[in-house]
Amino acid sequence: MTIRRIIKGIVVAMLGFYFLAACKPSDTGPKKELHPPLNPQIESKITELMARMDTLDKVGEMTQLAIDMISVGDPYALKDPHQLDSAKLRKVLVDLRVGSILNISGHAYTKDHWHEILEVIQRIAREEKETGIPVLYGIDAIHGTNFTMNSTLFPQPIGLASTWNLDLARKMGRITAYETRASGIPWNFTPMLDVGRDVRWSRIWEGFGEDVHLVSAMGTASIMGNQGEDISDLYSVAASMKHFLGYSMPITGKDRTQAWIPERQMREYFLPSFEKAIEANAATIMICSGEMNGIPVHSDKKILTDLLRDELGYTGLAVSDWEDLPFLHTRHRVSRDYKESIKMSINAGIDMAMVPVDLEFPVLLRELIEEGEVPMSRIDEAVRRVLRLKFQLGLFEQAIPPKDQYPKFASAEHAEAAYQVAAESITLLKNENGLLPLSKNDRTLVTGPTAASMIDMNGGWSRTWQGNDSRYDTPGKKTIVSAIKEELEGGTLRYINGVPDTKRMGIKSAVREARSAKVAVVCIGEHPYNEKPGDIDQLSLEQAQIDLVKAISKTRTPIVLVLVEGRPRIISEIADLADAIVHAYLPGDEGGRAIADILFGDVNPSGKLPYTYPRFENTLLTYDHKGTDKIKTDFSTNAFNPQFEFGHGLSYTTFTYSNLSVPTKVNMKEKLSISVEVKNTGPRYGKEVVQLYITDKVASITPAVKRLRSFEKIELDAGESKTVNFELDIRELAFVGRDNRWIVEPGEFEVRIGNQMAEFELSK
């Protein structure tokens, strides 16, 4: 090598070092804000504890098993009634030093049994493990503490979203946390922040709808409700935002099938709800079960470390979903065997592996550490996050809260809160000729497969995983038909199931009764399902229910359709046959009472759709689609003609909008102040959701026809007016540009609130 080449190499190396140094953030500059922020006292305790832990202790803390592995019987086939197995308990907690348990076996437990279980688990962990580290127990309490018997069951999250009421979201979160802690459980796998852009998906009802802003707002409120001011509080739990990232838009519409989401769309539509939750200090995060762009997310370091940790500054615990690590080999086929799957996921950024019935994980992970395939620095990072959460929850001081601290468990006060959410969620989609509210003095026919079913109103995650076992219904709760019967005063009620049998006798009986009825309330929809078992091949409502409505319509008796469903099933064949359509979603234990009160006018409906209700199977556009928003009958691109639009919902009173005030010119450094006057011009008190939409008229990326940028739910007496003020940061007008970065471009914008429209110009 010549002297010249040596000198040139030295110069290049020096320039490279200088370039790296120049690119490094200044030590004196602003540091990335961490969420949740770290507590120095807790960090010191973690450091002291980890110094006493060996490798087996550490891999045990990273392991989460189902209760099946410490119970009498075989996994997924445990003895009923449930009992713990002392030998299995000691193998799992003492020999393998497993740090986390989750779930139920078969069906919900009583509050007393939960305490029996958890007291034994925590006693063994605290007294017989050398480290004395308590167990972290987790459960899916997504619409109330649904795996504890007789707990308060709220509407499912999609119904909560349809209230557009952030106060109710926080309240539901607080009560759920209260009753979950009352059961002795400190960790709740909720809320689901996946933006539901494809209504075919079987988990639409677990989320807050199709809009980024609505999902972000409701999700943040839910986290604040669950976690309260301090998650160590006796009435708070650690929330878990899920499922990070890209889970909710599988290209087939079926659960856990692959998604194709370019980075620009991922950042604009699927990431913001998680960013807001991180800013709200959500304690934990559950990782997506599926794959995005050909890469299983639970093996993707770019998502789990580069994005989540380095870019977003998240410090909380990341847990995988059910059995996802072995699926890297058996389902996704990106690894040669289970051991390689573990290596991929842990190195990518999984802190705790949900390996429900698998005792191999801690053994194989220990081998990977000893072989140098998983660095101890990655293990220590993960274990520190697990221990941090246990300290934050106060488990070292009090692993099980006293039972007598929860006098409001399943109380009338909590039931009334569930009723309030149900009443505000129910959405009146159609009301021709003012058919609703109904008279309490008429002869009323109630029919349809969901009219007398509590499991249909609760859906999945209700006492059992699929929610389809009526043996565990909460005693004393009213179905739709029993609640209607109670409402009637001088009128009479006839109930016919109406479900067709081989001789169509169910339909014939319903038609016969309809002929002499003043009105027919036909309750249709879906039976309970959850996750993969909820996959469907067609979105249309099943033919038997369509036939029932068609047959009754021939009697010319007015029809009220009550939709009890977790996703919007196609009803275009029968929508025009109904005089009124009431969307109840999955309204929970108090849903029957709330539906009856709305049908008879005791409550004025105020729910608004959190998704676009499609008219056709092959036209599943969201409200913020690209292209024209005009209804077209020719070959125009993106013709938009849904059954009902996102944000739609009628009332028994009328609201008028006027005096929309928008500045004509705004500078990028200013706030955007918008106001509108809303008046109740109808005959009665009502609630209205004031929705602010903004359209970017010209942009470097094809703009959506409109985007929801803010909303506020107000209440007005008859004749009352209110001026609603919105103040938006200009960053609310941003979109992700061609370089995958957020950008706000100057230009002309259009504002829409109700029937009011105005324009403004944004300048630099």
Side-chain angles (χ1 to χ4, degrees), residues 30-39 42-43 138 142 157 166 169-170 173 177 187-195 206-208 211-231 236-248 261 263 265-288 292 297-298 300-321 348-352 381-382 384-386 388-389 391-393 729 731-732 734 736 740-742:
K31 295 183 178 180
K32 180 186 293 294
E33 190 173 356
L34 298 179
H35 297 284
L38 303 183
N39 181 318
I42 288 179
E43 296 305 305
I142 74 163
L166 301 182
R170 283 187 286 268
W187 188 13
N188 187 4
F189 302 136
T190 197
M192 193 179 87
L193 301 180
D194 304 298
V195 179
E206 288 188 60
F208 299 116
D211 176 70
V212 177
H213 180 78
L214 181 60
V215 172
S216 300
M218 298 299 291
T220 299
S222 177
I223 288 167
M224 293 169 64
N226 273 274
Q227 297 193 165
E229 296 294 325
D230 182 354
I231 61 172
S236 297
V237 294
S240 183
M241 47 181 170
K242 61 186 187 184
H243 308 81
F244 191 80
L245 183 68
Y247 182 37
S248 57
I261 306 174
E263 183 177 353
Q265 282 80 0
M266 182 269 288
R267 288 183 173 274
E268 182 155 344
Y269 294 98
F270 298 94
L271 184 59
S273 56
F274 290 95
E275 289 183 280
K276 291 295 184 183
I278 289 170
E279 291 172 8
N281 295 328
T284 70
I285 190 166
M286 185 179 288
I287 306 307
C288 169
M292 183 165 55
V297 177
H298 43 291
D300 193 343
K301 189 172 185 290
K302 288 185 178 180
I303 295 290
L304 302 186
T305 298
D306 299 351
L307 175 60
L308 180 63
R309 305 298 183 178
D310 298 340
E311 182 177 331
L312 301 181
Y314 185 60
T315 64
L317 167 66
V319 60
S320 66
D321 206 342
I350 294 292
D351 300 319
M352 180 182 285
E381 179 183 59
R384 179 169 285 271
R385 290 173 185 149
V386 176
R388 182 181 296 139
L389 180 60
F391 276 112
Q392 289 171 338
L393 285 165
D729 193 291
R731 287 176 296 182
E732 294 293 322
V736 178
N740 296 325
R741 296 175 181 269
W742 285 96

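Once rounded to the nearest 0.5 Å, the distance linking CD1 of Ile261 with CG of Leu271 reads 11.0 Å. We find the CG-SG distance between Leu245 and Cys288 to be 7.5 Å, quoted to the nearest 0.5 Å. Between the CD atom of Gln392 and the CG atom of Leu38 there is a distance of 8.5 Å, given to the nearest 0.5 Å. In this structure, the separation between NZ on Lys242 and OG1 on Thr190 is 5.5 Å, given to the nearest 0.5 Å. Annotation: the span from Met241 atom CE to Ser273 atom OG amounts to 9.5 Å, rounded to 0.5 Å. Residue Ile350 holds its CD1 atom at 10.0 Å from CE of Met286, rounded to the nearest 0.5 Å.
Residues passing the side-chain hydrogen bond (donor to acceptor under 3.5 Å, both in side chains) test with Arg384, sequence neighbours excluded: Glu43, Thr47. Applying the ring-ring contact (aromatic ring centres under 6.0 Å, His included) test to Phe391 and every residue at least two apart in sequence or in another chain returns Phe396. Here Glu268 pairs with Arg264, Arg707 under the salt bridge (Lys or Arg N to Asp or Glu O under 4.0 Å) rule; sequence neighbours left out. Under the rule for a salt bridge (Lys or Arg N to Asp or Glu O under 4.0 Å), Asp310 has no partner lying at least two apart in sequence or in another chain. Listed by chain and number, the residues in a side-chain hydrogen bond (donor to acceptor under 3.5 Å, both in side chains) with Asp230 are Ser232 (sequence neighbours excluded). Take Ala382 and apply the side chain to side chain contact (heavy atoms under 4.5 Å, CB included) test, not counting sequence neighbours, and it matches Met62, Asp351, Arg378. Considering only residues two or more places apart in sequence or on other chains, Arg741 meets the side-chain hydrogen bond (donor to acceptor under 3.5 Å, both in side chains) condition with none of them. With sequence neighbours excluded, no residue forms a side-chain hydrogen bond (donor to acceptor under 3.5 Å, both in side chains) with Asp306. When the ring-ring contact (aromatic ring centres under 6.0 Å, His included) test is applied to Phe270, no partner is found at least two apart in sequence or on another chain. With sequence neighbours excluded, the residues that form a salt bridge (Lys or Arg N to Asp or Glu O under 4.0 Å) with Arg267 are Glu263, Glu311. In this structure, the side chain to side chain contact (heavy atoms under 4.5 Å, CB included) partners of Ala283, at least two apart in sequence or on a different chain, are Gln227, Ile231, Ala238, Leu389.
Counting only heavy atoms from C-beta outward, the side chains of Asp300 and Leu307 never approach each other to under 4.5 Å. Between Ile142 and Met192 the shortest side-chain heavy-atom distance does not fall below 4.5 Å.
Closest approach of Ala282 and Ile223 over heavy atoms only: CB-CD1, 3.9 Å. Nearest approach of Leu34 to Thr315, heavy atoms of both residues: CB-CG2, 3.8 Å. Here the shortest heavy-atom pairing between Pro191 and Ala239 reads CD-CB, 4.4 Å. Residues Trp742 and Val736 share a closest heavy-atom pair of CE2-CG2, 3.5 Å. Taking all atoms of both residues into account, the shortest heavy-atom contact from Val319 to Trp187 is CG1-CZ2, 4.0 Å. Nearest heavy-atom pair across Pro36 and Tyr314 is CD-CE1, 3.9 Å.
Using a distance-only test at 3.5 Å, with no hydrogens or angles considered, no donor-acceptor pair links the side chain of Ser222 to the main chain of Ala169. Without hydrogens or angle criteria, Tyr247 side chain to Met292 main chain gives no donor-acceptor distance under 3.5 Å. For Asp194 (side chain) and His243 (main-chain N/O), a donor-acceptor pair under 3.5 Å exists by modelled atom type.
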Exercise. Could you walk me through whether Met352 and Leu317 pass side-chain contact (heavy atoms from CB on, under 4.5 Å), step by step?
Key: CA-CA 8 Å; Met352 180 182 285; Leu317 167 66; 4.1 Å; yes
Exercise. Take Ile285 and Phe274 through the side-chain contact (heavy atoms from CB on, under 4.5 Å) test and state the conclusion after the steps.
Key: CA-CA 9 Å; Ile285 190 166; Phe274 290 95; 4.3 Å; yes
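Residue pairs meeting the side-chain hydrogen bond (donor to acceptor under 3.5 Å, both in side chains) criterion with at least one member in residues 212-221, sequence neighbours excluded, do not occur.
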